[in-house]
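A note on names: the letters A, B, ... follow the listed sequences, proteins ahead of strands, and every chain is numbered from 1. If you're wondering where the values come from, they're calculated on a predicted model, not measured in any experiment.
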2 protein chains.
Amino acid sequence: MSNSKKEKEDNFAPALAAAGRALIATMMAKLASCGFSDVTPAFSSLMPLLDATGARPTALAQRAGITKQAISQLVRELEVRGYVEQVPDSTDTRAKIVRLTKRGVALHAASAEVRLELQSVAIAKLGKSRVSRLRRDLLELAAALEEMRTR
Amino acid sequence: MSNSKKEKEDNFAPALAAAGRALIATMMAKLASCGFSDVTPAFSSLMPLLDATGARPTALAQRAGITKQAISQLVRELEVRGYVEQVPDSTDTRAKIVRLTKRGVALHAASAEVRLELQSVAIAKLGKSRVSRLRRDLLELAAALEEMRTR
DNA sequence: CTTCGTTCGTCAAGGTAGTTTACCAGATTG
DNA sequence: CAATCTGGTAAACTACCTTGACGAACGAAG
């Protein structure tokens, strides 16, 4: 029967994985070509959470969905590369504030630009309505999977 | 303006990441509940490529899109867990053939079943046509991103 | 003011998943 | 038969995340 074949061909999982890999690789390549060759994939998930005002590591960890130890490491990496600086929080001696440096702001802007560029490429290829439907369907799918997992 | 806000809301990247994470987590959870609690995420990308007939590590590496060294490690892991066995290739003394064991076949079947289950959940949530369109759009998107990256 | 539980961040160690580099052994071809 | 290509392995390293244990500081209760 063509049943087993059809099941496989219709499965969205490999497509999802392929798109994910392509997204990260392209993001990295584009940033590298903008002069930010020392960023790693993890940075791009942290960058959208940062700004020049600053935030606490623990808050970042919660928003990024990882442990504060992981954030600590990541922030250190970003610090030695000169993208962020850590200043003491004047309202709490224990706490730090992680803030983008000038270079960090530049990376932030470049990241945003790359995201827009990727979005434009997607729209050029699929059209605006299909892209926004894609996004909506992905979110619904993620929710359904999560609900299935935790149940 | 609402422009900057709209750009962010429309961006497909976070949705893609969320769906990817949810997919892997749900896959793992389902397999664990089927009695396969010792599988890791990496296995699920390798399982669809394996069968009881067997294949060479190098071929697996190409199909999985990773190096043969990585496959070598992965296969060793699968071997100590009793999912695959390596037998010498009778047509080439250098080569090995990686073959699913009985337990491996069971895991393979369970994986396929889980994939079908996830597919069903997706269809229940989004409908058949939206799921297949989602898959198609993801593949097109991946191709567009790849083309953009390598260009 | 002291004590106590909580929170902030760090250090240390380890696990997972891959990579690069270097290498050996068998196969293939000039 | 010698050169070279191919199959596979070993070791070291990178990246990213985890758990566990901890010291320091905050805040509330006594």
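- Atom CG in A/Asp89 sits roughly 10 Å away from atom C1' in C/dC8 (whole-Å rounding).
- Listed nucleotides: C/dA17, C/dT6, C/dG9. Nearest to the side chain of B/Pro41: C/dA17.
- One finds no side-chain N or O of A/Thr93 lying less than 4.0 angstrom from the OP1 or OP2 phosphate oxygen of C/dC8.
- Counting to the nearest Å, the C1' atom of C/dT10 and the CD1 atom of A/Ile66 are 15 Å from each other.
- Atom CZ of B/Arg21 is separated from atom P of C/dT16 by 21 Å (rounded to the nearest Å).
- The nearest heavy atom of DNA chain D to A/Asp92 and to A/Glu77 marks one nucleotide each, and the one closer to the 5' end goes with A/Glu77.
- Look at CD on B/Gln62: it is 11 Å from P on D/dT6, rounded to the nearest Å.
- Using a cutoff of 4.0 Å between basic side-chain nitrogens and carboxylate oxygens, A/Lys96 and A/Asp89 are not scored as salt-bridged.
- B/Ser72 has a side-chain polar atom (N or O) that falls below the 4.0 Å cut-off from OP1 or OP2 of D/dT9.
- The separation between A/Ile97 atom CD1 and C/dC8 atom P is 13 Å, rounded to whole Å.
- At least one side-chain nitrogen or oxygen of A/Thr58 sits closer than 4.0 Å to the OP1 or OP2 atom of C/dG9.
- By the 4.0 Å N-to-carboxylate-O rule, A/Asp38 lies close enough to A/Arg103 to be salt-bridged with it.
- Atom pair A/Leu46:CG and D/dC16:C1' shows a separation of 13 Å (rounding to whole Å applied).
- Classified by interplanar angle (parallel below 30°, tilted 30° to 60°, perpendicular above 60°), the ring pair B/Phe43/B/Tyr83 is perpendicular.
- Of the candidate nucleotides C/dT20, C/dG9, D/dG8, C/dG9 has the atom nearest to the side chain of A/Arg56.
- Summarising the local packing, CD of A/Glu117 is surrounded by more than 12 heavy atoms from other residues, nucleotides or ligands at distances under 6.0 Å.
- Side chain of A/Gln69, nearest nucleotide from D/dG20, C/dG18, D/dA24: D/dG20.
- Among the heavy atoms of the strands lying under 4.0 Å from A/Ala42 are primed sugar atoms or P, OP1, OP2 only; no base atom is included.
- Listed nucleotides: C/dT6, D/dC16, C/dT16. Nearest to the side chain of A/Arg94: C/dT6.
- With hydrogens and angles disregarded, no donor-acceptor distance shorter than 3.5 Å links the side chain of A/Thr101 to the backbone of A/Glu85.
- Residue B/Thr67 has a polar side-chain atom (N or O) positioned under 4.0 Å from OP1 or OP2 of C/dT19.
- Put simply, B/Arg76 has a side-chain N or O that comes within less than 4.0 Å of OP1 or OP2 on D/dA10.
- Along DNA chain D, the nucleotide closest to A/Thr91 and the one closest to A/Gly65 are compared, and the more 5′ of them pairs with A/Gly65.
- Rounded to an integer number of Å, the gap from NZ of A/Lys96 to C1' of C/dT7 is 15 Å.
- In this structure, A/Gln73 atom CD and D/dT14 atom C1' are separated by 12 Å, rounded to whole Å.
- At C/dT7, none of the side-chain N or O atoms of A/Lys68 fall inside 4.0 Å of OP1 or OP2 (strictly under the cut-off).
- A salt bridge is defined here as a Lys NZ or Arg NE, NH1 or NH2 lying under 4.0 Å from an Asp or Glu carboxylate O, and A/Arg130 with B/Glu140 meets this definition.
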